[in-house]
2 protein chains.
Amino acid sequence: MTLALDPTAQDLLFREARTANTFSAEPVTDEQMQAVYDLVKYAPTAFNQSPLRVVLVRSEEARERLVGHMAEGNQAKTRTAPLVAILATDNEFHEELPTLFPHFPQAKDVFFAERPVREQSAQLNGALQAAYFILGLRAAGLAAGPMTGLDFAGVQKEFLDDDHTPLMVVNIGKPGENAWYPRSPRLSYEQVVTTV
Amino acid sequence: MTLALDPTAQDLLFREARTANTFSAEPVTDEQMQAVYDLVKYAPTAFNQSPLRVVLVRSEEARERLVGHMAEGNQAKTRTAPLVAILATDNEFHEELPTLFPHFPQAKDVFFAERPVREQSAQLNGALQAAYFILGLRAAGLAAGPMTGLDFAGVQKEFLDDDHTPLMVVNIGKPGENAWYPRSPRLSYEQVVTTV
């Protein structure tokens, strides 16, 4: 056994988990979402900057507004998923750094005084957190359906503000009927990893 | 129990795992890296585009070249970690799409004909895969030390080419003495999640 993680957990998070395109009617509770966040919040970001912000779309009215900004192929599943989350970055994350990175509270001004630097850093670190969040949903026994086929400017204008940049929209729930395609091939280790 | 993932696995991946700043002398084998890749390769990317590429820095000579491009505060740990990996994106990932996304092989030309579109998509999806990779290292019982304090242009020129963009450098190994600071605070659920 080369991996320390037990095979059941490997399957739950990686091998058997799949991106769902249909969902059952079973609701996703706030308690589940809190448990997911309280797990994945510990995974690393640069300077512990934690730029990810999440908008849970629960009302029918908000759901319809969001569907209108999704690509056509994503509209049906966005409409029917038990819960939909907009994942975004907070480009003003540096305001929290004196609390989040107490070892070097000056990081806020020394490294992140300029907005373009913050945007770039939030984009990378927010994406890391989006991946932790997807695996956290799987850890809760939920299927995730991450989507980037959407009108980003429209979603930002409708649900966020100038300080928050959308990263993706994620459908969340238990998988429904015919929830996924057959597993697609992956690149081999030799195609991905080189050694110098 | 709100989470399906067992508490031991939660601790291994999230709660007890930490970003290591020092490492023991125990080597990290190619067999371990292959096991990590063969686990995390299944996690999702848009169109299964799988843009992450990994350069394992194993020779003394390559290690010294890399250290020269790291920020001063990252040089000692980059020099002493058992293994160091450069994570990068392949901006020509679309060439593999007919194999990787057989449901819609035209995606290569329909969505990814333009280089700026590919770069942006590879940046987001490569970052997702970097996060999966970090958690995969933890799944192998290894500590990861991801770093973005480095000369990205220098690393690209020294180890990659114009088609590959570095994302981060990761120190890999078993933690050494005084491997980490005390755990820093995290944002509360209420600070991160809103509902509409």
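Worth saying up front: this structure is predicted, and the values here are computed from it rather than measured. A note on names: the letters A, B, ... follow the listed sequences, proteins ahead of strands, and every chain is numbered from 1. What you see below is based on every heavy atom in this structure, not just the backbone, and it leaves out hydrogens, waters and symmetry mates.
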Practice item. Could you walk me through whether B/Val54 and A/Thr194 pass the side-chain contact (heavy atoms from CB on, under 4.5 Å) test, one step at a time? Key: CA-CA 6 Å; B/Val54 179; A/Thr194 54; over 6 Å; no
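- Crowding of A/Glu95 atom CD: a count of heavy atoms from other residues, nucleotides or ligands under 6.0 Å exceeding 12.
- When all heavy atoms of A/Pro44 and B/Arg138 are compared, the closest pair comes out as CD-NH2, 3.6 Å.
- Interface residue A/Leu39: backbone and side-chain heavy atoms are both found under 4.5 Å from chain B.
- Residue contact with chain B, scored on non-hydrogen atoms closer than 4.5 Å, is absent for A/Glu16.
- Using cut-offs of 30° and 60° for the angle between ring planes, the A/His103 and B/Tyr181 rings count as parallel.
- Looking only at side-chain heavy atoms (C-beta outward), B/Gln191 and A/Asp90 stay at 4.5 Å or farther from each other.
- Ranked by non-hydrogen atom pairs under 4.5 Å with chain A, the options B/Pro182, B/Ala140, B/Gly141 are led by B/Ala140.
- Within the 4.5 angstrom heavy-atom criterion, atoms from both the backbone and the side chain of B/Phe14 approach chain A.
- Enclosure of atom CD in A/Glu190 by more than 12 non-hydrogen atoms of other residues, nucleotides or ligands within 6.0 angstrom is indicated.
- Between the side chain of A/Asn48 and the main chain of B/Pro185, a donor-acceptor pair closer than 3.5 Å is present.
- Only the side chain of A/Ala46 comes within contact range of chain B, with heavy atoms under 4.5 Å apart.
- Only the side chain of B/Thr19 comes within contact range of chain A, judged by heavy atoms closer than 4.5 Å.
- B/Leu52 touches chain A through its backbone: at least one of N, CA, C or O sits under 4.5 Å from a heavy atom, while the side chain does not.
- Your options are A/Leu56, A/Leu13, A/Val36, A/Leu5, and the one with the most heavy-atom pairs under 4.5 Å with chain B is A/Leu56.
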Do A/Tyr189 and B/Lys41 pass the side-chain contact (heavy atoms from CB on, under 4.5 Å) test, and can you show the C-alpha distance, the side-chain angles, and the key distance before you say yes or no? CA-CA 9 Å; A/Tyr189 183 76; B/Lys41 70 183 180 186; over 6 Å; no
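- For chain B, no part of A/Met147 is nearby; none of its heavy atoms comes within less than 4.5 Å.
- If you measure heavy-atom distances from B/Glu60 to chain A, you find no contacts under 4.5 Å at all.
- In terms of heavy-atom pairs under 4.5 Å with chain A, the best-connected choice from B/Gln123, B/Gln34, B/Gln32, B/Arg65 is B/Gln34.
- Contact annotation for A/Phe111: neither backbone nor side-chain heavy atoms come within less than 4.5 Å of a heavy atom of chain B.
- Heavy atoms closer than 4.5 Å to chain B are found in the side chain of A/Ala62, but not in its backbone.
- Contact annotation: the side chain of A/Tyr42 never approaches that of B/Arg18 to less than 4.5 Å [non-hydrogen atoms, C-beta and beyond].
- Of the two parts of A/Leu128, the backbone and the side chain both hold a non-hydrogen atom closer than 4.5 Å to a non-hydrogen atom of chain B.
- A heavy-atom distance below 4.5 Å is found between the side chains of A/Leu167 and B/Leu124.
- Between B/Thr8 and A/Asp6 the shortest side-chain heavy-atom distance does not fall below 4.5 Å.
- Contact tally against chain A (heavy-atom pairs below 4.5 Å) for B/Ser188, B/Ala17, B/Ser50, B/Ala144: the top residue is B/Ser188.
- Here the side chains of A/Leu187 and B/Glu96 are in contact, with some heavy-atom distance below 4.5 Å.
- Under the 4.5 Å side-chain heavy-atom criterion for grouping Ile, Leu, Val, Met, Phe, Trp and Tyr, B/Leu100 is connected to A/Val193 within one hydrophobic cluster.
- Of the atoms belonging to A/Thr148, it is side-chain heavy atoms, and not backbone ones, that fall under 4.5 Å from chain B.
- One finds the CE atom of B/Met33 at 12.0 Å from the OG1 atom of A/Thr2 (value rounded to the nearest 0.5 Å).
- More than 12 heavy atoms of other shown residues, nucleotides or ligands fall within 6.0 angstrom of atom CD in A/Gln106.
- Atom CG of A/Asp161 sits in a crowded spot, with more than 12 heavy atoms from other residues, nucleotides or ligands closer than 6.0 Å.
- The two residues A/Ala131 and B/Ala131 come nearest to each other via the heavy atoms CB-CB, 3.4 Å.
- Most heavy-atom pairs under 4.5 Å with chain A: of the set B/Gly149, B/Ala85, B/Ser59, this distinction falls to B/Ser59.
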